[in-house]
Amino acid sequence: MKRTKINVLLRLDKPVGKVIIKGWIRTKRASKTFSFMEVNDGSCLKNIQVIANADIQNYSQIDTITTGTSVSIEGELVESPGKGQKWEIQASDIEIINIAPESFPLQKKRHSDEFLRTIAHLRPRTNKYGAAFRIRSEMVFAIHKFYNEKGFIYLTAPLITGSDCEGAGEMFRVTSLDPAQVKKQGKMDFRQDFFGRESSLTVSGQLPAEMFALAFGDVYTFGPTFRAENSNTSRHVAEFWMLEPEMAFCDLNENMDHGEELVKYLTRHALEKCEEDMALFSRFVDKSLSQRLDTIINKKFVRLSYTDAVEILKKAKKEFEFRVEYGIDLQSEHERFLAEQYFKSPVFLTDYPKEIKPFYMRMNDDGKTVAAVDLLVPMIGELIGGSQREERLEPLEKRMDEMNLPKNDYWWYLDSRKFGSVLHSGFGLGFERFLMMITGISNIRDVIPFPRTPGSIDF
RNA sequence: UCCCCAGUAGCUCAGUUGGCAGAGCAAUUGGCUGUUAACCAAUGGGUCCGCGGUUCAAGUCCGUGCUGGGGAGCCA
């Protein structure tokens, strides 16, 4: 007989007779002549209650069952006479697969997130992290569903890159050189390295995505990206997942339309398909979550130019630590003020001064600003960063010269502007930041299975 | 990388003016005929983060290192 998953059993509206479940004991309430056990198999947040009476064959072994023990249980699915659950299993046979001895660190009580991070290999067995990672999985699916329905092509961008500057942060070096040899020679000879030149882990799939957009029209990449920045904050990890759509014949406004539609679609999908798991977060993790998600789904996102934002911040009665002047890159406190206090809504900020943005963003007619866009959301900060790309060869080369970028290394990128170039736009959405937004989890290390941060690569 | 805070039992934490190391939960053992993070009773459990210093005496004071957290910068 095949096992049935607990989420299937709990959805039933009439008994189905004998079933087998397999999973892990969350808690046991034992007495001399009967025992209750709650079993979880990861298929859903809820446990199923199992009752074992003393007359079953191996009742004496139930003594040895502890929290964390893996079991296979055969029994009858019956309506539960007790309060708190509709169904329970009247056990006829309980097989103990593997005991979790007293050193098992998860107790049937609340643990701190900090402690659970030190046992990241076991935390998916808790309610909160079980829910978080089921939602994460569902959101990966929802992203592919969204783009599949829209007819986008999925590009699996390379993770190892020879572009030494994709315009975003420090990179991890990739090399097959022998460290002992390098030490002896006193330098790294990249001509002897695997690729014959310096190479790194990618910080973004944007440039490859642009190439594909100029062939397929609408494309997206979604995969891991890497930053070697020594950032120690609750919003940064060294390895994270980024979704990057790139669309030909699409200007900055249509880019924002797309971003807004995407964020609303994914949020709605989470609330509909992960109702039970999402409820855990609005009940126990973040009391203001429901209201925030409601705003995201129903309210039109604010759109505002950098120039106008600076004016608002200058006039604001609030005392900022850093003074606002045209030309500065906005500080966290400014972004938070706009999204959390002034508009109380997600805000698209557009048209930043060219000096604070990368080379590939399209120069506006004023010659001062570029067609950039950031989406600022309450509690998270920057969720999306994107732009309309510079599709004209001459302005692009001019910007690269101004920023001292090695044009030779980008010959293929510049080629795309020589052969049938069209206006196009795209953005990057930090997948973990999105998960933080919809769950209310306040540390990025808790929405990624095994976080990589400076000085920490356990698991 | 910078600023601030913390590190005491498996977990969460208390520890007064420097003077015998504590609680709750968990665990273990026993009890209990429908429990709901079950309940009742008993028992065991300590490198007070490491190193150095002050002192008759340091969990407590000083220096230093490490680890964790919050914030800033960088950004997604």
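Per chain, numbering begins at 1; letters A, B, ... match sequence-line order. Owing to the predicted nature of the structure, the values given are computational and were not obtained by experimental measurement.
- Base pairing annotation: U1(B) forms a Watson-Crick or G-U wobble pair with A72(B), both donor-acceptor distances under 3.5 Å.
- For the pair K368(A) and Y326(A), the cation-pi test (distance below 6.0 Å, angle within 45°) is passed.
- With both pairing distances under 3.5 Å, A37(B) is matched to nothing as a Watson-Crick or G-U wobble pair.
- Here U33(B) is the nucleotide among G69(B), U33(B), U35(B) with the atom lying nearest to any side-chain atom of F34(A).
- Evaluation of F36(A) against the base of G34(B) yields no stacking contact (centre distance < 5.5 Å, interplanar angle < 30° required).
- If you take atom C1' in A58(B) and the same atom in U67(B), they sit 22 Å apart, rounded to whole Å.
- Both tests pass for K264(A) against the ring of F301(A): distance under 6.0 Å to the centre and angle within 45° of the axis.
- Of the candidates C25(B), A72(B), U33(B), C25(B) carries the atom nearest the Q107(A) side chain, counting heavy atoms from C-beta on.
- S231(A) contributes no side-chain N or O that forms a donor-acceptor pair with the base of C75(B) under 3.5 Å.
- Between F459(A) and H121(A), the two ring planes are parallel [angle under 30°; tilted spans 30° to 60°].
- Nucleotide A76(B) holds its P atom 16 Å from the CG atom of L262(A), rounded to whole Å.
- If you check G50(B) for Watson-Crick or wobble pairing at under 3.5 angstrom, you find it paired to U64(B).
- Listed nucleotides: A27(B), C11(B), G69(B). Nearest to the side chain of N443(A): G69(B).
- No hydrogens or angles were tested; on distance alone, a donor-acceptor pair under 3.5 Å links the side chain of E88(A) to the base of G34(B).
- When Watson-Crick and G-U wobble pairs are counted only if both distances are under 3.5 Å, U28(B) pairs with A42(B).
- Base pairing analysis places A23(B) opposite U12(B); the two distances defining the Watson-Crick or G-U wobble pair are each below 3.5 Å.
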